[in-house]
S.K.: 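First, the structure itself, so that you have it in front of you.
Throughout, protein chains are lettered first and strands after them, A, B, ... in sequence-line order, and every chain is numbered starting at 1. These numbers come from a predicted model, not from an experiment.
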Amino acid sequence: MERLPRYAFPIADYEMVYLKRDFFARDTVTVAQDLIGTTVIVGNCAGKIVETEAYRTDAASHAAKLTERSRLMYETYGCCYVYFTYGLHYCFNITTERAGVGAVLIRAVEPLRGIAEMMARRSVEDVKKLASGPARFAQAFGIDKQLNGKPIGRDVKIRQRKETPPISASSRIGISRATDLEWRFYETGNPFVSRFKAR
DNA sequence: TACTGGATTCACT
DNA sequence: GTGAATCCAGTAA
């Protein structure tokens with residue numbers, strides 16, 4: 001794979017740990033990769049991010065054209081981008097790139113806290129099915145369009161992983177390319193990764 | 001204003 | 001593996 005830049009994260013700050021907006025100002029693909037293993041917190045619910053997808057201005061992305069919906073991806077970074085799809089589902093993204101255009105879709109998380117709440121929202125008892133898919137994650141965490149446009153750090157927080165610093169290249173991160181420009185990252189061997197279909 | 005198709009999930013075969 | 005569910009953003013007229 002191509003070599004990606006590392007995020008210069010001060011080790012001294014590392015234990016404190018909530019990602020700041022600058023984290024998302026970088027290249028979309030790098031952000032998607034670095035989010036693997038971090039913890040997303042919404043209300044009482046928390047989960048480890050185990051699968052992400054980078055969207056830029058390729059044809060498969062909403063950002064292929066500037067529209068009212070995609071404007072967030074053009075004008076912000078480090079903000080929630082929530083859209084409704086198939087008449088049923090919400091999907092949760094975080095906008096990226098200070099100068100460019102992009103967003104990272106959270107595709108799957110491993111539930112850590114608030115599991116009973118997630119089960120109630122999802123009407124599912126199998127923990128593996130709680131948040132192993134983009135719409136499952138949004139439903140389990142109670143995410144809807146109210147979060148659209150809100151900056152990361154308040155209603156939604158991302159906590160840096162504890163066991164290792166945020167290094168882009170990791171043997172524990174798998175990569176899948178659905179298209180030439182579309183990248184998916186996932187924690188290899190993690191049972192909470194969704195079973196996505198390659199297009 | 002009307003139509004089209006979708007960054008998905010689930011039930012069923 | 002296939003099809004239905006179902007709302008809305010985007011587009012064409």
Side-chain angles (χ1 to χ4, degrees), chain A residues 24 27-36 38 40 42 45 47 49-97 100-111 115 117-150 152 156 158 173-187 190-199:
Chain A
F24 302 98
D27 163 69
T28 304
V29 173
T30 309
V31 172
Q33 191 168 5
D34 285 350
L35 279 173
I36 298 296
T38 61
V40 58
V42 186
C45 296
I49 296 174
V50 297
E51 186 181 339
T52 61
E53 185 162 2
Y55 282 95
R56 293 183 286 186
T57 51
D58 49 303
S61 169
H62 293 168
K65 277 190 176 176
L66 174 58
T67 64
E68 269 314 299
R69 182 172 65 173
S70 68
R71 184 176 297 278
L72 271 177
M73 294 164 79
Y74 282 77
E75 296 182 352
T76 72
Y77 62 92
C79 288
C80 303
Y81 170 51
V82 182
Y83 65 86
F84 189 64
T85 191
Y86 291 98
L88 296 168
H89 307 299
Y90 289 103
C91 291
F92 176 80
N93 302 248
I94 304 170
T95 59
T96 55
E97 304 205 22
V101 181
V104 174
L105 172 68
I106 309 300
R107 292 192 57 88
V109 312
E110 178 181 334
I115 290 174
E117 202 170 308
M118 295 182 204
M119 286 176 172
R121 287 199 186 103
R122 292 265 303 124
S123 303
V124 159
E125 296 204 349
D126 183 348
V127 180
K128 287 200 191 106
K129 292 183 179 174
L130 278 184
S132 55
R136 289 175 173 181
F137 159 66
Q139 186 182 23
F141 279 65
I143 288 167
D144 61 24
K145 286 209 79 169
Q146 289 190 330
L147 285 179
N148 195 42
K150 298 204 172 167
I152 293 294
V156 179
I158 310 280
I173 298 177
I175 301 169
S176 159
R177 294 182 75 170
T179 69
D180 283 350
L181 293 172
E182 199 178 303
W183 295 70
R184 286 175 176 143
F185 297 97
Y186 55 94
E187 188 176 292
N190 187 302
F192 294 91
V193 169
S194 76
R195 290 165 57 200
F196 55 77
K197 297 175 195 161
R199 276 203 290 272

S.K.: Where the side chain of A:L88 is concerned, which of C:dC8, C:dG10, C:dA5 is the nearest nucleotide?
M.R.: C:dA5
S.K.: Is it true that a side-chain atom of A:Y74 and a backbone atom of A:A63 form a donor plus acceptor pair closer than 3.5 Å?
M.R.: yes
S.K.: Anything below 3.5 Å on both distances counts as a pair; with that, list the stems of at least three consecutive Watson-Crick or G-U pairs involving DNA chain B.
M.R.: B:1-6 with C:7-12, B:8-12 with C:1-5
S.K.: With P as the reference atom in both, quote the distance from C:dT6 to B:dA2 in angstrom, rounded to an integer.
M.R.: 22 Å
S.K.: Looking at A:R122, does any N or O in its side chain come under 4.0 Å of the phosphate oxygens OP1/OP2 on B:dT9?
M.R.: no
S.K.: Measure the CD1-CD1 distance between A:I106 and A:I49 for me, rounded to the nearest 0.5 Å.
M.R.: 4.0 Å
S.K.: If I take atom CG in residue A:L66 and atom P in nucleotide C:dT11, what distance separates them, rounded to the nearest angstrom?
M.R.: 10 Å
S.K.: Rounding to an integer number of Å, can you tell me how far A:K128 NZ sits from B:dC10 P?
M.R.: 16 Å
S.K.: Contact class for A:Y86 vs. all strands (heavy atom < 4.0 Å): base, sugar-phosphate, or nothing?
M.R.: base
S.K.: Using whole Å, what does the distance between atom P of nucleotide C:dA12 and atom NZ of A:K65 come to?
M.R.: 7 Å
S.K.: Quick check on DNA chain C: between A:T67 and A:H89, whose nearest nucleotide comes earlier from the 5' end?
M.R.: A:H89
S.K.: What integer distance in Å separates A:R69:CZ from B:dA7:C1'?
M.R.: 9 Å
S.K.: Is the side chain of A:S70 donor-acceptor paired with the backbone N or O of A:T67 at a distance under 3.5 Å, no angle test?
M.R.: yes
S.K.: So, OP1 or OP2 of B:dA7: does either fall under 4.0 Å of a side-chain N or O from A:R184?
M.R.: no
S.K.: Just say parallel, tilted or perpendicular for the rings of A:Y90 and A:F84, cut-offs at 30° and 60°.
M.R.: tilted
S.K.: C:dG10, B:dA7, B:dT8: which one has an atom nearest the side-chain heavy atoms of A:N93?
M.R.: B:dA7
S.K.: For A:R71, answer base if it contacts any base atom (sugar-phosphate contacts may also be present), sugar-phosphate if it contacts only those atoms, and nothing otherwise; contact means non-hydrogen atoms under 4.0 Å.
M.R.: nothing
S.K.: Please report, rounded to the nearest Å, how far the P atom of C:dC8 is from the NZ atom of A:K145.
M.R.: 9 Å
S.K.: In Å and rounded to the nearest 0.5 Å, what is the CG to CZ distance from A:D34 to A:F185?
M.R.: 9.0 Å
S.K.: Side-chain N or O of A:K129 less than 4.0 angstrom from OP1 or OP2 on B:dC10?
M.R.: no
S.K.: Output the distance between atom CD1 (A:I36) and atom CD (A:E187), rounded to the nearest 0.5 Å.
M.R.: 7.5 Å
S.K.: Whole Å only: how far is the CE atom of A:M73 from the P atom of B:dA7?
M.R.: 11 Å
S.K.: Taking atom SG of A:C91 and atom CD of A:E53, what is their separation to the nearest 0.5 Å?
M.R.: 10.0 Å
S.K.: Nearest-Å distance, CD1 (A:I106) to C1' (B:dT8)?
M.R.: 16 Å
S.K.: Under 3.5 Å, side chain of A:R122 to main-chain N/O of A:L130, donor-acceptor pair present?
M.R.: yes
S.K.: Is there, by distance only and without an angle test, a donor paired with an acceptor across the side chain of A:Y83 and the base of B:dA7 below 3.5 Å?
M.R.: yes
S.K.: Consider the side chain of A:H62, meaning its heavy atoms from C-beta on, and name the nucleotide among B:dT8, C:dA9, B:dA7 that approaches it most closely.
M.R.: B:dA7
S.K.: Would you mind reading off the distance between A:E51 atom CD and B:dT8 atom P, rounded to a whole angstrom?
M.R.: 10 Å
